[in-house]
Amino acid sequence: MKKIRIGLIGLGNIGTGVYEILTRKARFLEKKTGAALELRYACDQRISQRGRLKIPRKIFVRNPRMVLKDPSVDIVIELIGGIKTARTVILEALRSRKHVVTANKALLAECGPEIFRTAVRLGREIFFEASVGGGIPIIKTLRESFAANRITAIHSIINGTCNYILTRMSKDRLSFDEALRQAQEKGYAEADPTLDISGADAAHKITILAMLAFEGLVPFSAVSMEGITGITSDDITFAHEFGYVIKLLAIAKKTDRGIEARVQPTLLPAGHILANVDDSFNGILLHGDEVGDSLLYGRGAGRRPTASAVVSDVIDLARLITAGQRAPKLPVSRSLKVKNLSAIESRYYLRFTAVDRPGVLSRISSVLARQGISISDVIQKERRAGKIVPLILLTHHSREDKIRRSLKLLNKLSVVRARTQVIRIED
Ligand code: HSE
């Protein structure tokens with residue numbers, strides 16, 4: 001039986017899960033793969049990880065170079081995270097003629113062109129199922145299962161932390177701060193939650209999905225992102241009254257004038273299939289020209305689901321190596337143009353903080369009308385003559401630049417007393 005030698009670099013949360021599966025299920029994996037998966041190295045800077053995981057002395061190393069310079073290693077699993085060291089390790093592994101498995105979405109989004117092109121140029125494979133959607137097999141689905149389709153759109157909930165926070169705000173009427181604290185207590189949110197709540201984590205992931213869906217490299221810097229820190233309990237309540245829920249969506253669409261790729265808090269109709277993807281779950285809705293709509297749902301994070309995806313990649317790779325075959329080619333030969341956010345079209349939720357006085361609504365609507373923006377729905381929650389009240393308008397489809405131009409004018413009106421809240425609507 002062919003032996004495939006593996007070097008596992010990084011024994012943090014996911015690395016620990018991978019180590020456990022590879023050791024606990026060795027026989028099971030061997031039967032599935034038709035090859036013996038030998039964990040040749042388990043590498044971590046922290047010596048304490050050896051004792052904690054009871055790793056045999058002969059396979060534990062602290063320096064990744066030990067793994068990279070060993071010509072007998074076939075597959076390097078990079079689970080260090082972060083950009084700098086991980087980038088060096090992956091590029092070195094590829095140059096040393098090793099195949100790579102990684103979960104590192106930040107690196108693949110920000111340095112994707114360099115890494116994917118290096119892999120293709122050197123004829124090595126790079127597998128990254130765990131980089132998006134944790135245990136959900138979205139990468140293989142796009143690379144293989146939907147190969148007969150032109151993908152036209154992806155609407156996705158791919159950050160479990162934000163989804164948990166918004167779900168608790170919606171169902172338990174918690175404030176953003178209370179829901180964030182609860183997410184941290186439950187281990188969903190990091191002590192420093194910035195990467196998640198700013199939308200950056202979801203932006204990394206949609207960059208990778210858009211590359212596979214639309215078959216070209218996507219410049220991460222062109223993907224726009226907006227997080228959930230500005231969403232208030234009031235917005236969630238008003239959205240409900242209009243029949244919507246608020247979710248952080250990562251969206252990628254193919255249009256005639258380039259692709260759209262963005263992360264944004266979004267009003268979704270309560271009956272939308274993604275509206276009930278709650279708590280820390282992820283949901284990815286794809287539209288293919290042949291298959292139509294297809295939803296993938298599951299655990300988008302956590303040690304075991306993510307380790308499950310890493311080990312599935314190892315099995316796939318081991319099978320390919322054993323059979324002398326290659327994976328579907330990565331789309332590195334062209335770069336996609338991402339449409340500027342100002343050129344997108346959407347419906348909008350606008351929450352004004354306005355004085356309750358005759359004529360205010362008509363002043364606001366006349367500014368919108370001058371930009372050709374049509375209103376589809378209005379609510380004013382309270383009646384407090386002369387006092388400040390929330391006034392909520394939903395618009396029909398409009399271009400983003402027209403909305404921005406109107407808001408610049410509207411926010412200057414004396415009757416508008418705070419910056420207007422703007423949230424896009426997807427129907
Ligand atoms: N922090 C991510 C999330 C999981 O909350 O979904 C890792 O990608």
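Remember, it's 1-based here, ligands and their atoms both numbered in the order they're listed.
- Protein heavy atom at the shortest distance from atom 6 (O) of ligand 1 is G160 N, 2.7 Å.
- Heavy-atom proximity to N159, at under 4.0 Å, picks out these atoms of ligand 1: 2 (C), 3 (C), 5 (O), 6 (O).
- Near K105, the atoms of ligand 1 lying under 4.0 angstrom from a non-hydrogen atom of the residue are 7 (C), 8 (O).
- Contact annotation: the side chain of L142 approaches that of L286 to within less than 4.5 Å [non-hydrogen atoms, C-beta and beyond].
- Contacts between E190 and ligand 1 below 4.0 angstrom, taking non-hydrogen atoms only, are absent altogether.
- Near D201, the atoms of ligand 1 lying under 4.0 angstrom from a non-hydrogen atom of the residue are 2 (C), 8 (O).
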Could you pull out every donor-acceptor pair under 3.5 Å between side chains of residues 255-269 and any protein atom, sequence neighbours left out?
residue: T255; atom: OG1; partner: R257; partner atom: N; Å: 3.1
residue: T255; atom: OG1; partner: G258; partner atom: O; Å: 2.5
residue: E260; atom: OE1; partner: R262; partner atom: NH1; Å: 2.6
residue: E260; atom: OE2; partner: K339; partner atom: NZ; Å: 3.2
residue: R262; atom: NE; partner: Q264; partner atom: OE1; Å: 2.7
residue: R262; atom: NH2; partner: E426; partner atom: OE2; Å: 3.4
residue: Q264; atom: OE1; partner: R424; partner atom: NH1; Å: 2.8
residue: Q264; atom: NE2; partner: T266; partner atom: OG1; Å: 3.2
residue: T266; atom: OG1; partner: Q264; partner atom: O; Å: 3.0

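- Within 6.0 Å of the CD atom in Q45, the count of heavy atoms belonging to other residues, nucleotides or ligands does not exceed 12.
- Set against the non-hydrogen atoms of K205, the atoms of ligand 1 under 4.0 Å away are 2 (C), 4 (C), 6 (O), 7 (C), 8 (O).
- Of the protein's non-hydrogen atoms, the one nearest atom 5 (O) of ligand 1 is T161 OG1, 2.5 Å.
- Short contacts between ligand 1 and A301, defined as distances under 4.0 Å to a heavy atom of the residue, involve ligand atoms 4 (C).
- When the options D196, I158, N282 are ranked by their closest heavy atom to atom 2 (C) of ligand 1, first place goes to D196.
- Residues I403 and E400 have side chains not in contact (no heavy-atom distance under 4.5 Å, counting atoms from C-beta outward).
- In this structure, F128 has its ring center closer than 6.0 angstrom to the ring center of F116.
- Residue R299 qualifies as open at atom CZ: its count of foreign heavy atoms under 6.0 Å is 12 or below.
- Taking the charged nitrogens against the carboxylate oxygens, K140 and D313 have no contact shorter than 4.0 Å, which rules out a salt bridge.
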